[in-house]
Amino acid sequence: MNGFPLPPVPVPGPVPQPAPAWILWGLLVFTFMLHLLAMNFVVGGSVIGAVTARLGRRGGRPHHAALVHWLTQAMPIALAATITFGVAPLLFLQVLYGRLFFTSSVLLGWFWFAVVPLVMVAYYGTYLLAFKSASLGRWGGWIRWLTILIFVTISFIFANNMSLMLRPDLFRAIYASGSTSHANLSDPTLWPRYLHFTLAAVAIGGMWVSGYGLVCRRRRPEFGQWAMRYGAHWFSGVTALNLFMGFWFLFSLPRETMARFMGPVPVATAVLGLGIFAGMATMTVMFLAAHAPRPAPLVSGGIGGLLVTVVCMVLVRDQVRRGALATMNFEPVPWVEPQWTNISLFLVLFVAGAAAVVWMVRALVMAGRPETGDGPV
Ligand code: HEM
């Protein structure tokens, strides 16, 4: 050290941004939203599947068994979608915030390395459950809970990384401590952030179940009505609890970051206000759906409300990042040399890929057989 304090934010490498920042940011937010929706099916659907399998053991509950069957069969596909939709925001995150994200990943060390093997083990678990469940016997239940444990562990590692990358002021001290695997446990935002994400995943898993009931209500009316109400119970109950986590997360933020939402940055105040309003309205609608004789219109409205909520909350999360980094004097790389051919190619392949996914999901949902009431999905 020569007596001049180094700035906490690592200096950018001599590489220009491959596209204007607003394009990279738009793609980061959009692809992250897709990642979230798929990840919520994986985490929430697994939790709901495990609990429903347990409840279904009591006998005389064919709908429970049919729902567990669908969730189990769809899980490997949903996990593939989670990973694929995770790669895209990973690219944009690295381009926009690479010097923070790479540093926090290095400091997390072995925890960060663990993500890939954990995903692989969980993948085997979902495949075993989907294709060998008949021969697994009592092991099936254990494998279900083990995959859930792995999913929530992966989420925890991500929450650690996403919160640590906002604290460049800690980087040097952690690095100097010589630790090869640093979890960001002393960060007051970590637990509320993590619990808020995890509960939201379970709630949105409930919305996926209601949505599935909505789609198959004509072919399998009894099951469809039941699934809509059952998912609505999960959504409204877990969201009621999650409101507290959301406020805990907000109040755990550093004062300057939280202040951003109280007026000085109108877009931050607007997305937070609209997000809370949409979330509470969706919760109310789904509570009514859980008890309605004809829940379909309410579930459709609930899905719309949820999409608005998710968009707002992803933007709130972005504002948290901007606010936290503004206090660290983080400046984006100003040097831009757009690679339009690559960007266009990405967009074309992305649209084609998304269309293929929509087609596959449609085929999967439509594969149910009305005669048996117990289709393959
Ligand atoms: C089952 C597997 C996975 C689960 C449960 C999961 C869960 C999560 C969660 C909870 C977050 C939010 C963390 C926070 O902000 O506190 C997150 C963010 C993220 N995940 Fe995943 N994830 C999974 C797999 C993956 C994979 C395989 C990739 C990449 C190949 C990935 C890429 C990302 C990225 C880039 C973000 C941050 C995006 C941003 O900050 O804008 N995820 N994930």
Side-chain angles (χ1 to χ4, degrees), residues 21 24-47 74-98 100-102 104-105 108 111-127 146-167 183-185 187-205 242 245-246 248-250 252-253 257 310-311 313-322 324-325:
L24 297 169
W25 175 83
L27 288 168
L28 170 64
V29 168
F30 179 64
T31 54
F32 178 59
M33 221 137 42
L34 298 179
H35 174 60
L36 265 193
L37 291 174
M39 179 279 271
N40 289 178
F41 185 99
V42 167
V43 176
S46 301
V47 171
M75 204 49 76
I77 302 165
L79 186 53
T82 303
I83 296 167
T84 311
F85 285 135
V87 174
L90 190 63
L91 299 177
F92 302 117
L93 188 74
Q94 288 170 7
V95 177
L96 284 171
Y97 300 106
L100 301 172
F101 172 71
F102 289 138
S104 57
S105 303
L108 279 178
F111 292 124
W112 189 242
F113 278 134
V115 168
V116 173
L118 284 173
V119 170
M120 286 167 72
V121 174
Y123 226 140
Y124 278 110
T126 62
Y127 268 107
L146 179 70
T147 53
I148 292 173
L149 186 68
I150 295 177
F151 290 145
V152 294
T153 305
I154 295 171
S155 292
F156 189 61
I157 297 172
F158 269 97
N160 266 275
N161 203 348
M162 295 304 126
S163 55
L164 184 59
M165 69 171 268
L166 304 183
R167 295 300 309 273
N184 193 30
L185 298 180
D187 190 322
T189 67
L190 176 70
W191 282 103
R193 176 181 194 129
Y194 171 65
L195 292 174
H196 190 50
F197 267 98
T198 308
L199 286 181
V202 177
I204 295 176
N242 209 14
M245 297 301 165
W248 181 19
F249 184 24
L250 183 66
S252 73
L253 294 172
T257 312
V310 171
V311 171
M313 289 300 168
V314 168
L315 293 174
V316 166
R317 180 173 172 277
D318 180 66
Q319 286 294 328
V320 168
R321 180 180 286 163
R322 282 166 188 256
L325 293 182

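Atoms within a ligand are numbered from 1 in the order they appear, just like the ligands themselves. Numbering of residues begins at 1 and proceeds along the displayed sequence.
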Nearest heavy-atom approach of Leu100 to Met165 is CB-O, 3.6 Å

Non-hydrogen side-chain atoms of Arg317 and Phe197 separated by less than 4.5 Å: yes

With atoms numbered from 1 as shown, which atoms in ligand 1 lie under 4.0 angstrom from a non-hydrogen atom of Met39? 4 (C), 5 (C), 6 (C), 7 (C), 8 (C), 9 (C), 10 (C)

Looking only at heavy atoms, what is the nearest atom pair of Val43 and Ser155, with distance? CG2-OG, 4.4 Å

Student check: side-chain heavy atoms of Asn40 and Val310 closer than 4.5 Å: no

Give me the residue, atom name and distance of the protein heavy atom closest to atom 38 (C) of ligand 1. Phe32 CD1, 3.4 Å

Between Trp112 and Phe158, is the gap from one ring center to the other below 6.0 Å? yes

Closest by any non-hydrogen atom to atom 12 (C) of ligand 1: pick that one out of Phe249, Phe92, Tyr97, Phe197. Phe197

Are Val116 and Met120 close enough that some pair of their side-chain heavy atoms sits under 4.5 Å apart? yes

Counting from 1 in the order shown, the ligand 1 atoms closer than 4.0 Å to a non-hydrogen atom of Pro89 are 35 (C)

What is the nearest protein non-hydrogen atom to atom 5 (C) of ligand 1, stated with its residue, atom name and distance? Ser155 OG, 3.4 Å

Out of Thr82, Ile154, Thr147, which residue meets the side-chain contact (heavy atoms from CB on, under 4.5 Å) rule with Val42? Thr82

Could you report the tightest heavy-atom contact between Ala78 and Phe41, atom names first, then the distance? CB-CD2, 3.3 Å

What atoms of ligand 1 come within less than 4.0 Å of a heavy atom belonging to Met162? 13 (C), 14 (C), 15 (O), 16 (O), 37 (C), 40 (O)

Does the ring center of Phe156 lie less than 6.0 Å from the ring center of Trp191? yes

Closest non-hydrogen protein atom to atom 16 (O) of ligand 1, residue and atom name please, with distance? Arg193 NE, 2.7 Å

Can you tell me if Leu79 contacts ligand 1 (heavy atom of the residue under 4.0 Å from the ligand)? yes

Return the closest protein heavy atom for atom 25 (C) of ligand 1 as residue, atom name and distance. His35 CE1, 3.5 Å

Which of the ligand 1 atoms, numbered from 1, are nearer than 4.0 Å to a heavy atom of Val87: 29 (C), 30 (C)

Polar side-chain atom of Tyr194 near backbone of Val152 as donor-acceptor pair, under 3.5 Å: yes

Identify the closest protein heavy atom to atom 40 (O) of ligand 1: which residue and atom is it, and at what distance? Arg321 NH2, 2.4 Å

For ligand 1, does Val29 get within less than 4.0 Å through its side chain, its backbone, both, or neither, judged by non-hydrogen atoms? neither

Could you check atom 3 (C) of ligand 1 against the protein and tell me its nearest heavy-atom contact, residue, atom and distance included? Ile154 CG2, 3.7 Å

Identity and distance of the protein heavy atom lying nearest atom 28 (C) of ligand 1: Gly86 CA, 3.8 Å

Starting from atom 31 (C) of ligand 1, which protein heavy atom do you reach first, and at what distance in Å? Phe158 CZ, 3.3 Å

Proximal ligand 1 atoms for Phe151, defined as those under 4.0 Å from one of its heavy atoms: 1 (C), 5 (C)

